[in-house]
Protein chains: 2
Amino acid sequence: MPRIRHRRLDCSPGCAVEATLELIDGKWKGVILFHLLQGTMRFNAIRKRLPNVTPRMLTAQLRELEHDGFVLRTVYAEVPPKVEYTLTERGRSLEPVIMALKSWGDAHTSFDPASADRATGGTGAGPPDSWPACRS
Amino acid sequence: MPRIRHRRLDCSPGCAVEATLELIDGKWKGVILFHLLQGTMRFNAIRKRLPNVTPRMLTAQLRELEHDGFVLRTVYAEVPPKVEYTLTERGRSLEPVIMALKSWGDAHTSFDPASADRATGGTGAGPPDSWPACRS
DNA sequence: CGGTATCCTCAGAGATACTG
DNA sequence: CAGTATCTCTGAGGATACCG
């Protein structure tokens, strides 16, 4: 069984920011957490929401979330197999964080060049050329 | 000049979550953003706040933040050189996100086992063994 | 249905040294 | 002071195939 380790030990007043980021970082954890906020889901249900995820990656991410105490994995001894993923209390405590991320994303995915780059007496140089857009 | 690309294009209702996460992900961006919220800082001032960062990494992270329109880099034609980093409007718009991350981290760095893992009719098995603690 | 098992790639990140 | 320049390496993450 591969042990799960966290890497960031660097501290400072902003340590808490990094600590939290590290926990929800990892390619799919954010979205998984977001979807689980709507309720318990089964493996393939989650999978359908993440179009490009491979089973291997989804398992890995879910295992990390479980290890970090965010989700509870419940296996039913049935045929065919049934596994449910539910947020724990700790997992639900992330709701404000996830929602802050979502709100910002919703508000800024279509970027308005006129509102950025105007901080102080900026040069006007270095025009931001491209931000990623959300497809579909 | 190495072009900066973003990778995550995967969409779904939770797309915005991932989109935001991607922008502030990257080992040091969260803390940098956090510190810049307190005001304009110079390169070495930021560096002092991130004890274990190498100049190369700090430069890279700042360049990405600049590319994403979060920070403004102002170079003064002086000797010795002076470069200041300031948040843009767009950068400051991240404040709720950063603060959500920090609040959660502050509240959960000392983990209380009694409050987690009690979701539904949990098994009680799989005791969470170790979470990373903040040193210093 | 809900995963494992392998294999592989490549970009993120560290160490070290040097510079306008 | 504020960075570059290399060189190296780890491991997160993808592709593909198979299993209880």
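Here is the naming used below: chain letters follow the sequence lines, and residue numbers restart at 1 for every chain. Please read all numbers here as calculations on a predicted model, not as lab measurements.
Residues B:I32 and B:L58 are in side-chain contact: their nearest non-hydrogen atoms beyond the backbone lie under 4.5 Å apart.
If you check every strand for non-hydrogen atoms under 4.0 Å, B:Q61 touches sugar and phosphate atoms only. Note on A:R42: only backbone sugar-phosphate atoms sit closer than 4.0 angstrom, heavy atoms only; bases stay farther off. Note on B:Y85: only backbone sugar-phosphate atoms sit closer than 4.0 angstrom, heavy atoms only; bases stay farther off.
Taking atom NZ of A:K82 as the reference point, atom P of C:dG3 lies 13 Å away to the nearest angstrom. In this structure, B:E64 atom CD and C:dG12 atom C1' are separated by 9 Å, rounded to whole Å. When the P atom of D:dA2 is taken as reference, atom CD of B:E84 falls 9 Å away, rounded to whole Å. Distance A:M41 CE to C:dG2 P: 11 Å, rounded to the nearest Å. At whole-Å resolution of the value, CG in A:D25 and P in C:dA11 are 17 Å apart. Note: CG (B:L58) to C1' (D:dA5) measures 17 Å, nearest angstrom. Here C:dG2 presents its P atom at 10 Å from CZ of A:R73, a figure rounded to the nearest Å. Residue A:M57 contributes atom CE, which lies 19 Å from atom P of C:dT6 at whole-angstrom precision.
Listed candidates were C:dG3, D:dT4, D:dA2. Nearest to the side chain of B:T59 is D:dT4. With D:dG13, C:dT4, D:dA2 as the choices, the nucleotide that has an atom nearest any side-chain atom of A:K27 turns out to be D:dG13.
If A:V53 and A:P81 are placed on DNA chain D by their nearest nucleotide, the residue sitting closer to the 5' end is A:V53. Taking for each of A:L62 and A:R56 the nucleotide of DNA chain C with the nearest heavy atom, the 5'-most of the two is the partner of A:L62. Residues A:F43 and B:P55 each lie close to DNA chain C; by heavy-atom proximity, the contact nearer the 5' end of the strand is made by A:F43.
For B:R63 and D:dG3, the shortest distance from a side-chain N or O to OP1 or OP2 is below 4.0 Å.
Side-chain atoms of B:T20 do not come within 3.5 Å of backbone N or O of A:K102 as any donor-acceptor pair.
A salt bridge is absent between B:R92 and B:E95; no separation between the charged side-chain nitrogens and carboxylate oxygens falls under 4.0 Å.
Remark: B:S93 pairs with A:W104, A:H108 by the side-chain hydrogen bond (donor to acceptor under 3.5 Å, both in side chains) rule, at least two apart or across chains. For A:E84, the side-chain contact (heavy atoms from CB on, under 4.5 Å) partners at least two apart in sequence or on another chain are A:T40, A:R42, A:Y76, A:K82.
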